[in-house]
Amino acid sequence: MEYPDRRSQDDEGSERTCAVTRAHRTPEEMIRFVLDPAGQVVPDLKRKLPGRGVWVTAEARYIAEAIKKGAFARGFKRPVTILPELADVIDRALEKDILQSLSLSNKAGVVAAGAFQVEKALSEGDTAVLIHALDGGQDGARKLRQILRRNMLEPEKVHSLEILHSEQIGLALGRTSVVHAALRRGAAAEALMTRARRL
């Protein structure tokens, strides 16, 4: 027996409307929310959960405004329950999403980890993302940025991320801790940056 597609029409098309600002944005710039069976608002980061979705621009202030002004109840057209720590739940989920993306990139062989390997990757001129741990020293990051400027034709096009701790990066890459990492250009780097922008 075939089951009907339970996704609503708000999953179709290339843009969504923010429930707070009413601005039209791409799904990558927003967070989709759905209701669980108990009527509690939950983030649907992968945009795959069934049912009606309410979209909010991926910024903490808009999430807070959606809660304060009842945008979720209006969007779902019913009373809803909202966890007091919803913003923290979203942050943790987005962070987990980034770490999973980094782990997949590593398995695909497009990640260089550790200062020496990152320097080598930068000298090859094909780096798209440069990652520095939040708890890493600034000297190492500064040295890598200098190498980047020397070796890349368009260094300004290399994204720099400082949103994770060394232990988190290490865990994603199967190591104890990693202070510096680099991703080569390609789909994996683009996917990682899409997730990082939302966080």
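- Under the 3.5 Å distance criterion, the side-chain polar atoms of Q100 are left unmatched by any main-chain donor or acceptor of D97.
- By the rule that hydrophobic residues join a cluster once side-chain heavy atoms approach within less than 4.5 Å of another member, L104 and L164 end up as members of separate clusters.
- Nearest approach of T127 to A121, heavy atoms of both residues: OG1-O, 3.5 Å.
- Within a 6.0 Å sphere centred on CD of E162, other residues, nucleotides and ligands contribute more than 12 heavy atoms.
- Checked by atom type and distance alone, the side chain of R74 pairs as donor or acceptor with a backbone atom of K69 at under 3.5 Å.
- Using a 4.0 Å cut-off between charged side-chain N and carboxylate O, R47 and E28 make a salt bridge.
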Distance-only donor-acceptor pairs under 3.5 Å for side chains of residues 137-147, two or more places apart:
from : atom 1 : to   : atom 2 : distance (Å)
D139 : OD1    : R142 : NH2    : 2.4
K143 : NZ     : E119 : OE2    : 3.2

### Task
Starting from the C-alpha separation in whole Å, work towards a yes-or-no answer on side-chain contact (heavy atoms from CB on, under 4.5 Å) for T81 and L35.
CA-CA 9 Å; T81 304; L35 293 180; over 6 Å; no

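- Of the possible polar contacts, one joining the T21 side chain to the A23 backbone as a donor-acceptor pair under 3.5 Å is found.
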### Derivation of the side-chain contact (heavy atoms from CB on, under 4.5 Å) call for K77 and R52
CA-CA 10 Å; K77 301 185 183 342; R52 181 184 186 86; 3.7 Å; yes

#### Entry: side-chain contact (heavy atoms from CB on, under 4.5 Å) between L102 and L183, intermediate numbers included
CA-CA 9 Å; L102 182 58; L183 273 76; 3.9 Å; yes

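- Between the side chain of R175 and the backbone N or O of L171, no donor-acceptor pair lies under 3.5 Å.
- With hydrogens and angles ignored, the 3.5 Å screen pairs a side-chain donor or acceptor of S123 with a backbone N or O of K120.
- Pairing each heavy atom of A182 with each of V118, the nearest pair is N-CG2, 3.9 Å.
- Linking Ile, Leu, Val, Met, Phe, Trp and Tyr residues whenever their side-chain heavy atoms come within less than 4.5 Å leaves V179 and L148 in two separate clusters.
- Taking Ile, Leu, Val, Met, Phe, Trp and Tyr as hydrophobic and joining them when side-chain heavy atoms fall under 4.5 Å apart, one finds L83 in a cluster with V89.
- Counting all heavy atoms, side chain and backbone alike, V178 lies closest to G114 at CG1-N, 4.1 Å.
- Of the charged side-chain nitrogens involved, none lies within less than 4.0 Å of a carboxylate oxygen, so that D126 and R185 do not count as a salt-bridged pair.
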### Message
Test side-chain contact (heavy atoms from CB on, under 4.5 Å) on R32 and L49; report intermediate values, then the result.
### Response
CA-CA 9 Å; R32 181 178 188 257; L49 294 176; 4.3 Å; yes

